[in-house]
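Along the sequence shown, the residues carry numbers beginning at 1.
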Amino acid sequence: MEHHVRTRCGSVSVIVYGDQHKPALITYPDLALNHVSCFQGLFFCPEAASLLLHNFCIYHISPPGHELGAAPICPSASARCVDDLADQILEVLNFFGLGAVMCMGVTAGAYILTLFAMKYKKRVIGLILISPLFRAPSWTEWFYNKVMSNLLYFYGMCGLLKELLLQRYFSKEACGNTEVPESDIVQACRRLLDERHGSNVMQFLQAINGRPDLTSGLKRLRCRTLIFVGNSSPFHSEALHMTSKLDRRFSALVEVQACGSMVTEEQPHAMLIPMEYFFMGLDCIDFAISVTAQGAP
């Protein structure tokens with residue numbers, strides 16, 4: 001069921017799956033993605049359905065203008081910063097009457113959820129971060145994002161922009177080359193990117209490109225944190241560095257071979273066993289883990 005939650009920074013789309021009496025798991029996708037293009041591979045995996053849907057009610061939050069069927073955001077609308085996006089999550093939790101929640105985010109979405117966990121410590125039980133960002137953009141990333149922003153402004157969701165985004169999400173193997181066709185998941189993601197409006201993506205991109213560095217707050221983050229990163233991700237070194245800054249008593253890193261940034265789509269089976277052990281270690285909640293993710297690589 002889709003809900004449109006009105007917040008002080010505009011309406012937010014939230015897709016709810018499952019029994020709302022169960023513990024809540026909040027998701028937040030990467031740039032230009034939503035719950036379908038970012039989390040479908042994980043949640044449609046049969047083993048994940050047993051592990052996640054059996055134990056949680058899922059709340060898929062979309063960045064403004066990224067939901068299915070979203071209308072273009074008016075260019076004159078006031079720009080949102082990352083603090084606004086994190087505060088929107090709090091308003092969503094309050095709307096549904098949720099207390100402390102589990103959070104799962106991919107890259108830019110991982111940054112928003114990490115910021116949320118720092119601002120509202122009592123509202124987060126744990127973080128599952130996939131290829132996360134946490135520092136301010138390097139000059140290289142800042143320039144790269146500026147190029148994408150200009151493409152969005154002048155040409156919208158053009159072919160070149162989609163190629164840049166697909167390289168952000170997936171490994172070179174998945175994206176293919178002149179001799180090897182791109183994988184089915186890349187083709188599906190390409191079609192879903194066609195549905196995004198350039199002005200909506202540009203607003204989220206500008207917020208992420210203006211993000212502050214969260215390094216100083218990571219040691220004070222006491223919720224348990226599980227980080228996944230593909231070894232072919234452009235943000236691989238960022239994830240390793242983030243792990244080094246977290247309190248090791250509460251954090252763990254899983255590197256996934258032959259995978260890009262979006263582990264949820266490219267290698268979802270690799271997430272299952274680490275997530276099961278992660279949930280079992282959360283003694284503050286009585287999870288009824290239903291099945292071991294057998295067969296996961």
Test side chain to side chain contact (heavy atoms under 4.5 Å, CB included) applied to Leu246 and Leu221, step by step: CA-CA 7 Å; Leu246 289 165; Leu221 201 59; 4.1 Å; yes
Heavy-atom side-chain proximity of Ile73 to Arg80 below 4.5 angstrom: yes
Ring pair (Phe, Tyr, Trp, His ring centres under 6.0 Å) contacts in which one or both residues fall within residues 150-178, not counting sequence neighbours: none
Close side-chain approach of Ser171 and Glu266, heavy atoms under 4.5 Å: yes
Glu265 vs Val186 side-chain heavy atoms within contact, under 4.5 Å: no
From CA spacing to verdict: side chain to side chain contact (heavy atoms under 4.5 Å, CB included), Leu193, Leu166: CA-CA 9 Å; Leu193 287 175; Leu166 291 171; 4.2 Å; yes
Heavy-atom side-chain proximity of Ile58 to Phe43 below 4.5 angstrom: yes
Closest non-hydrogen atom pair, Leu85 against Pro64: CD2-CD, 3.7 Å
Pairs touching residues 140-155 that satisfy salt bridge (charged side-chain N to carboxylate O under 4.0 Å, His left out), sequence neighbours left out: Glu141-Arg211
Over all atoms of both residues, closest heavy-atom pair of Val263 and Val229: CG2-C, 4.2 Å
Qualifying ring pair (Phe, Tyr, Trp, His ring centres under 6.0 Å) pairs, either residue in residues 248-268, two or more places apart: none
Partners passing side-chain contact (heavy atoms from CB on, under 4.5 Å) against Ala48 (at least two apart in sequence or in another chain): Leu42, Cys45, Leu52, Leu272
Under 3.5 Å: donor-acceptor pair, side chain of Glu67, backbone of Gly65: yes
Donor-acceptor contact below 3.5 Å, side chain Asn145 vs main chain Gln206: no
Over 12 foreign heavy atoms within 6.0 Å of NZ, Lys122: no
Side-chain heavy atoms of Val5 within contact of Gln88, under 4.5 Å: no
Cluster check Phe143, Leu133: I/L/V/M/F/W/Y, side chain < 4.5 angstrom: yes
Under 4.5 Å side-chain linkage, directly or through intermediates, the cluster mates of Val180: none
Taking every non-hydrogen atom, the tightest pair across Thr264 and Pro268: O-CB, 3.4 Å
Only distances under 3.5 Å count here; give the side-chain donor-acceptor pairs of residues 252-260 to other protein atoms, sequence neighbours excluded, each with its distance to 0.1 Å.
from, atom 1, to, atom 2, distance (Å)
Glu255, OE1, His236, NE2, 2.7
Gln257, OE1, Asn231, ND2, 2.9

Pairs involving residues 147-166, ordered by first then second residue, that meet salt bridge (charged side-chain N to carboxylate O under 4.0 Å, His left out) (sequence neighbours left out): Lys162-Asp194, Glu163-Arg190
Lys121 side chain to Met118 backbone, donor-acceptor under 3.5 Å: yes
Non-hydrogen side-chain atoms of Thr107 and Ser131 separated by less than 4.5 Å: yes
Listing, residues 8-17 side-chain donor-acceptor contacts under 3.5 Å, not counting sequence neighbours, or none:
from, atom 1, to, atom 2, distance (Å)
Arg8, NH2, Asp84, OD1, 3.4
Arg8, NH2, Asp87, OD2, 3.1
Ser13, OG, Glu2, OE2, 2.6

Donor-acceptor contact present, side-chain Asn55 to main-chain Leu51, <3.5 Å: yes
Sequence neighbours excluded - ring pair (Phe, Tyr, Trp, His ring centres under 6.0 Å) pairs with any residue from residues 79-124: His3-Phe96, Tyr59-Phe96, Phe116-Tyr120
Full working for side chain to side chain contact (heavy atoms under 4.5 Å, CB included) between Leu90 and Arg123: CA-CA 8 Å; Leu90 178 67; Arg123 304 301 291 270; 3.3 Å; yes
Listed partners of Asp184 passing side-chain contact (heavy atoms from CB on, under 4.5 Å), at least two apart: Gln187
For the student: nearest non-hydrogen atoms of Ser232 and Glu173, plus distance: OG-OE1, 4.4 Å
Step-by-step side chain to side chain contact (heavy atoms under 4.5 Å, CB included) determination, Val82 to Ile208: CA-CA 7 Å; Val82 289; Ile208 290 298; 4.1 Å; yes
Donor + acceptor pair across side chains of Ser261, Ser233 (<3.5 Å): yes
Pair listing, salt bridge (charged side-chain N to carboxylate O under 4.0 Å, His left out) test, anchored in residues 227-251, at least two apart: Arg135-Glu238, Arg222-Asp247, Asp247-Arg249
Distance-minimising heavy-atom pair for Val201 and Arg196: CG2-CB, 3.8 Å
Listing, residues 25-36 side-chain donor-acceptor contacts under 3.5 Å, not counting sequence neighbours, or none:
from, atom 1, to, atom 2, distance (Å)
Thr27, OG1, His60, ND1, 2.6
Asp30, OD1, Ala108, N, 3.1
Asp30, OD1, Arg168, NH2, 2.9
Asp30, OD2, Arg168, NE, 2.8
Asn34, OD1, Val36, N, 3.0
Asn34, OD1, Ser37, N, 3.3
Asn34, OD1, Ser37, OG, 3.4
Asn34, ND2, His66, O, 3.0

Nearest non-hydrogen partners of Met242 and Pro132, listed with the distance: SD-CG, 3.6 Å
Flag side-chain contact, heavy atom, 4.5 Å: Leu218 against Thr114: yes
